There are 2 protein chains.
Amino acid sequence: MTLAETAYDALRHDIVRGVLAPGKPLRMAQLSERYGMGFSPLREALNRLQAERLVTSIALRGFSVAPLSMAEMWDTINTRVLIEQRALRLAMAQGGDDWETGIVSALHSLTLQSTRAAEGGADEQKLLEDRHHGFHLALIAGCGSSWLLEFFQRLYAEAERYRYPMLQQRNVEHHRDIQAEHAALAKATLARDADMACDLLAEHYLRTARFIEAQMTAAPQVQSA
Amino acid sequence: MTLAETAYDALRHDIVRGVLAPGKPLRMAQLSERYGMGFSPLREALNRLQAERLVTSIALRGFSVAPLSMAEMWDTINTRVLIEQRALRLAMAQGGDDWETGIVSALHSLTLQSTRAAEGGADEQKLLEDRHHGFHLALIAGCGSSWLLEFFQRLYAEAERYRYPMLQQRNVEHHRDIQAEHAALAKATLARDADMACDLLAEHYLRTARFIEAQMTAAPQVQSA
DNA sequence: GCAAGTCATATTTTCGAAAATAATGAAATT
DNA sequence: AATTTCATTATTTTCGAAAATATGACTTGC
């Protein structure tokens with residue numbers, strides 16, 4: 001892997017997980033020390049991230065982490081539902097054995113990791129996040145549209161930026177059985193009940209969004225600068 | 001404007017308009033001479049374009065123009081219809097005076113340029129393309145979703161790659177009154193007839209796609225390199 | 001006291017060369 | 001004859017310094 005790719009992965013991770021706060025200016029000298037490389041690979045990574053809207057830039061004034069806002073969160077969620085509902089319908093219409101198997105196996109490893117992460121540390125939590133991503137990807141992997149899959153990845157990353165502060169608050173009462181939601185979603189999808197699956201998917205995301213909004217309104221960690 | 005931005009605009013234009021053929025390898029030394037700058041700004045531009053899928057790259061083997069294929073064209077068109085129908089409905093639900101005025105004025109300048117371009121040269125043709133882009137953007141500008149607008153821009157650029165060979169063939173009989181389609185679309189939109197406008201929009205794009213497919217099947221200019 | 005200009009410093013942007021890797025082709029081996 | 005090995009060349013990738021620009025403190029004039 002080239003240094004530019006390493007920088008891209010590291011920066012993307014640190015932005016999505018909130019290690020680098022929204023709005024924070026990204027100075028070349030700092031980044032160079034932090035990631036142990038020269039300016040060139042860093043600038044390439046930053047340009048890619050800018051195209052993905054995880055980073056903003058102003059000519060001759062450098063880069064900064066893209067800001068967050070409640071309005072943007074709702075736009076992200078709404079667009080996500082649009083994209084994934086379509087992808088889910090396509091996958092249900094076209095998906096074959098490999099697609100079905102992928103869903104079953106992704107749900108299974110998500111469920112396993114879900115119990116493990118309840119007790120475990122940050123590593124187990126991070127693995128749970130990967131499994132969660134894998135499950136939602138598996139649902140639509142059979143859709144056959146590279147555009148829908150790309151947009152899914154973009155919107156998933158953006159949504160994770162909002163969701164991450166929530167994931168760290170263990171003690172908060174969720175009043176949700178998220179694993180049950182995943183299981184029901186997988187069941188409806190495998191039964192090819194398109195309307196049901198789409199409803200469950202939308203509700204799954206909207207619940208999360210409403211919860212985040214409530215938490216943010218109470219103790220705003222998301223700021224536009 | 002920085003050199004990197006200049007390189008981005010120039011490369012993007014040359015790829016979208018087919019000046020740089022699909023699949024063509026983009027060698028740094030060539031690009032450096034062609035655009036009159038060093039490697040650094042070029043690499044930044046190429047990384048941005050790679051994130052937009054107009055360029056592909058393999059580590060240590062450089063960049064090349066992203067290939068085209070009929071399957072990708074249909075995916076682009078279908079996704080475009082999904083995105084723009086949603087955006088159009090949102091715009092019709094929320095759009096205010098500025099949005100309406102924007103449509104009227106965009107349609108007007110498109111109509112003017114349409115007659116002018118029929119006789120004029122490449123410059124007039126290029127201006128017509130800009131007006132066409134401006135009209136379709138104006139229709140959905142009031143949607144209030146930055147994600148939908150970004151995806152619109154991405155898909156518009158990709159679709160133009162397929163449409164451009166068609167635009168250069170003057171003598172081909174289209175059997176279409178494209179200006180009438182635009183006028184009807186604007187009329188339905190301004191009347192806030194959402195179902196009608198969405199149908200007209202989809203039909204507008206599908207006609208073009210079918211036409212391109214017919215031409216390509218007859219004399220394939222689109223190849224996966 | 002305050003605005004406008006000026007200089008020193010900090011930062012981004014770009015270049016040109018060096019380092020690292022891939023591609024090519026000739027010689028050696030099976 | 002086909003395959004492998006090795007050196008040569010071509011190309012990408014990265015670095016470190018130079019150029020260009022922004023930032024902030026300081027002075028000057030009002």
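Please read all numbers here as calculations on a predicted model, not as lab measurements. A, B, ... follow the sequence lines: proteins, then strands. Residue 1 opens every chain.
- Listed by residue number, the members of residues 46-55 of chain A with any heavy atom below 4.0 angstrom from DNA chain D form an empty set.
- Rounded to whole angstrom, the span from the OH atom of A:Y35 across to the C1' atom of D:dT14 amounts to 19 Å.
- If you run side-chain contact (heavy atoms from CB on, under 4.5 Å) between B:L49 and each of B:V55, B:L26, B:T56, only B:V55 comes through.
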- request: Please test A:I83 against B:I83 for side-chain contact (heavy atoms from CB on, under 4.5 Å), starting from the C-alpha separation and ending with a verdict.
  value: CA-CA 8 Å; A:I83 297 291; B:I83 297 292; 3.8 Å; yes

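- The CD1 atom of B:I58 sits 13 Å away from the C1' atom of D:dT12 (whole-angstrom rounding).
- With rounding to whole Å, A:M37 atom CE is found 10 Å from D:dT14 atom C1'.
- B:F151 pairs by the ring pair (Phe, Tyr, Trp, His ring centres under 6.0 Å) definition with A:F151, B:W147, not counting sequence neighbours.
- Note on B:R12 versus B:E52: salt bridge recorded, some NZ/NE/NH1/NH2 to OD/OE distance being below 4.0 Å.
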- request: Any chance you could list the contact pattern along nucleotides 17-23 of chain C? Use B for base contacts, S for sugar-phosphate-only contacts and - for none, protein heavy atoms under 4.0 Å, 5' to 3'.
  value: ----SSS

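- Distance B:L3 CG to D:dA20 P: 11 Å, rounded to the nearest Å.
- Of the residues near DNA chain D, A:G36 and B:A29, the one whose nearest nucleotide (by heavy atom distance) lies more toward the 5' end is B:A29.
- Among the heavy atoms of the strands lying under 4.0 Å from A:T2 are primed sugar atoms or P, OP1, OP2 only; no base atom is included.
- Rounding to whole angstrom units, CE of residue B:M1 and C1' of D:dT21 are separated by 17 Å.
- Among the atoms of the strands shown, only primed sugar atoms or phosphate atoms (P, OP1, OP2) are found under 4.0 Å from some heavy atom of A:L26.
- Nucleotide C:dT13 holds its P atom 12 Å from the CZ atom of A:R27, rounded to whole Å.
- Between the side chains of A:S146 and B:D75, at least one donor N or O sits under 3.5 Å from an acceptor N or O.
- Atom pair B:L42:CG and C:dG16:P shows a separation of 13 Å (rounding to whole Å applied).
- In this structure B:D14 satisfies the side chain to side chain donor-acceptor pair (under 3.5 Å) test together with B:R34, B:Y35, sequence neighbours excluded.
- Looking at residues two or more places apart in sequence or on another chain, you find a side chain to side chain donor-acceptor pair (under 3.5 Å) between A:H136 and A:H132, A:H204, A:Y205.
- Taking only side-chain nitrogens and oxygens, B:R43 comes nearer than 4.0 Å to OP1 or OP2 of D:dT13.
- By the salt bridge (Lys or Arg N to Asp or Glu O under 4.0 Å) test, B:R27 is found to be paired with no residue, residues two or more places apart in sequence or in another chain being considered.
- Salt-bridge annotation for A:R80 and A:E158: absent, with no side-chain N of the basic residue lying under 4.0 Å from a carboxylate O of the acidic one.
- Per the geometry, CE belonging to A:M28 stands 16 Å off C1' belonging to D:dT21, to the nearest Å.
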